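Every value quoted in this text rests on a predicted model; they were computed, and no experiment measured them. The first residue in the sequence is number 1, and the count goes up from there.
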Amino acid sequence: MQLTQSSVGRKIIMAVTGAMLFAFVCVHLLGNSSLFFGSAAINAYAQKLHSLGPVVWIFRLVMLGLFAVHIIFGVQLTLENKAATPDKNVQVKRLKTGFAAETMVISGLALAIFVVYHLLHFTVRVTNPEIYVPIEGGKGMVDVFIMVTHGFQQLLPVMIYSIAMLLLFLHVSHGFQSLFQTIGLSNDRTLPVMGNLSKLVGAVLLVGYVSIPLLILFGLIR
Ligand code: HEM
């Protein structure tokens, strides 16, 4: 309870939930990479996940909770910081920040909107009925390889995903270094290293994720 009442506590909550969401994004990318190994690989992976039954639903609820907490505290901290900013007319020495740091709440909220679209596209499967084809012998399951490859033969979804992945890069490239600051692992000496490491991690996610829709659009995965 006390954790939620101080701004340091709220920062710790942001760091912990952010780290867990980051872990999900990394594992999800690894899972999606099975697409590079063909239809059998990604469908086997999807079937394995779905066979876990209630565990998948518990996982989904935990993810939803983490997401909600991360967004609520993120917006709250941003509003608090804004309220604490001194009068515009008073000259203040601004802390060294950057575009990614200053747009964290915008990139975060835009990513939340993307996740809703992504769930409708590939999990609830309502946006593009033509790409949801049942898999042979799959007890009503959809062929995930066809869904993803046909889904990314259309320009609009590829553009939406590419913009979202750029936002993910921005968000992670500041969030990762911010996490180290919150848990006290960064100082004047290590800060530049953490900054570069964060950008590298964000870039790996960007290239890894965006390569899937782009390779499909350009006919290199079919
Ligand atoms: C090119 C990028 C991506 C591809 C190809 C992709 C692919 C998929 C697929 C195929 C599913 C459905 C799995 C199934 O039900 O069988 C899925 C679910 C999901 N994806 Fe992605 N994804 C991408 C990016 C992302 C990103 C960046 C995030 C988070 C920021 C994300 C979050 C999720 C979530 C939360 C689910 C629901 C998991 C569940 O059903 O339990 N995805 N994705």
Side-chain angles (χ1 to χ4, degrees), residues 8 10-37 41-42 45 59 62-63 66-67 69-71 73-75 77-78 81 94-119 121-122 148 152 157-218 220-221:
V8 174
R10 287 195 278 270
K11 268 187 165 287
I12 292 172
I13 293 174
M14 286 299 287
V16 172
T17 51
M20 288 164 119
L21 291 169
F22 171 73
F24 167 78
V25 170
C26 294
V27 172
H28 191 46
L29 178 58
L30 283 179
N32 287 345
S33 307
S34 57
L35 201 97
F36 296 120
F37 300 98
I42 184 105
Y45 169 67
F59 171 77
V62 171
M63 286 294 299
L66 287 176
F67 228 123
V69 170
H70 195 74
I71 293 172
F73 283 94
V75 171
L77 271 171
T78 308
N81 288 345
R94 290 190 64 203
L95 282 173
K96 204 177 166 211
T97 53
F99 183 70
E102 279 159 22
T103 51
M104 279 308 269
V105 80
I106 297 169
S107 57
L109 288 175
L111 276 172
I113 295 171
F114 161 74
V115 170
V116 173
Y117 165 71
H118 180 50
L119 292 180
H121 191 205
F122 283 163
V148 177
F152 290 144
V158 173
M159 283 171 66
I160 296 174
Y161 277 74
S162 303
I163 293 169
M165 296 314 113
L166 281 171
L167 293 169
L168 182 68
F169 164 74
L170 261 188
H171 202 80
V172 169
S173 66
H174 177 72
F176 200 76
Q177 103 175 26
S178 186
L179 187 147
F180 285 107
Q181 247 168 333
T182 301
I183 56 177
L185 281 183
S186 109
N187 53 42
D188 282 355
R189 212 161 38 86
T190 58
L191 194 64
V193 182
M194 295 297 181
N196 289 334
L197 183 68
S198 300
K199 286 191 192 88
L200 180 69
V201 169
V204 169
L205 289 178
L206 170 65
V207 173
Y209 270 117
V210 94
S211 66
I212 298 172
L214 290 183
L215 289 176
I216 293 172
L217 184 71
F218 294 122
L220 295 165
I221 303 179

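- Residues F67 and V115 share a closest heavy-atom pair of CZ-CG2, 3.8 Å.
- By the side chain to side chain contact (heavy atoms under 4.5 Å, CB included) test, V116 is found to be paired with L120, residues two or more places apart in sequence or in another chain being considered.
- Here the straight-line distance linking atom CG of L21 with atom NE2 of H171 works out to 8.5 Å at 0.5 Å rounding.
- Taking a 6.0 Å sphere around CZ of F36, one finds it holds more than 12 heavy atoms contributed by other residues, nucleotides or ligands.
- Interatomic distance, M194 CE to L191 CG, rounded to the nearest 0.5 Å: 8.5 Å.
- Closest non-hydrogen pair, S34 versus G31, comes out as OG-O, 2.6 Å.
- The number of heavy atoms from other shown groups lying within 6.0 Å of CE (M20) does not exceed 12.
- For N187, the side-chain hydrogen bond (donor to acceptor under 3.5 Å, both in side chains) partners are T190, not counting sequence neighbours.
- To the nearest 0.5 Å, the span separating CD1 on I183 from CD1 on I12 amounts to 10.0 Å.
- The distance from atom CE of M14 to atom CZ of F73, rounded to the nearest 0.5 Å, is 9.5 Å.
- Once rounded to the nearest 0.5 Å, the distance linking CD1 of I160 with OH of Y117 reads 4.0 Å.
- Applying the side-chain hydrogen bond (donor to acceptor under 3.5 Å, both in side chains) rule to Y161 yields the partners H118, H121; only residues at least two apart in sequence or on another chain are considered.
- The side-chain heavy atoms of T78 and M104, taken from C-beta on, include no pair separated by under 4.5 Å.
- Residues meeting the side-chain hydrogen bond (donor to acceptor under 3.5 Å, both in side chains) test with T103, sequence neighbours left out: none.
- To the nearest 0.5 Å, atom OH of residue Y45 and atom CG of residue N32 are 6.5 Å apart.
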Pairs under 3.5 angstrom only: tabulate donor-acceptor contacts from the side chains of residues 172-180 to other protein residues two or more places apart or in another chain.
unit_1 : atom_1 : unit_2 : atom_2 : d
S173   : OG     : F169   : O      : 3.0
S173   : OG     : L170   : O      : 3.0

Which donor-acceptor pairs under 3.5 Å do the side chains of residues 203-217 make with protein atoms, sequence neighbours left out?
unit_1 : atom_1 : unit_2 : atom_2 : d
Y209   : OH     : V25    : O      : 2.7
Y209   : OH     : L29    : N      : 3.3
S211   : OG     : V207   : O      : 3.2
S211   : OG     : G208   : O      : 2.8

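- Annotation: M63, atom CE; neighbour count of heavy atoms from other residues, nucleotides and ligands within 6.0 Å is above 12.
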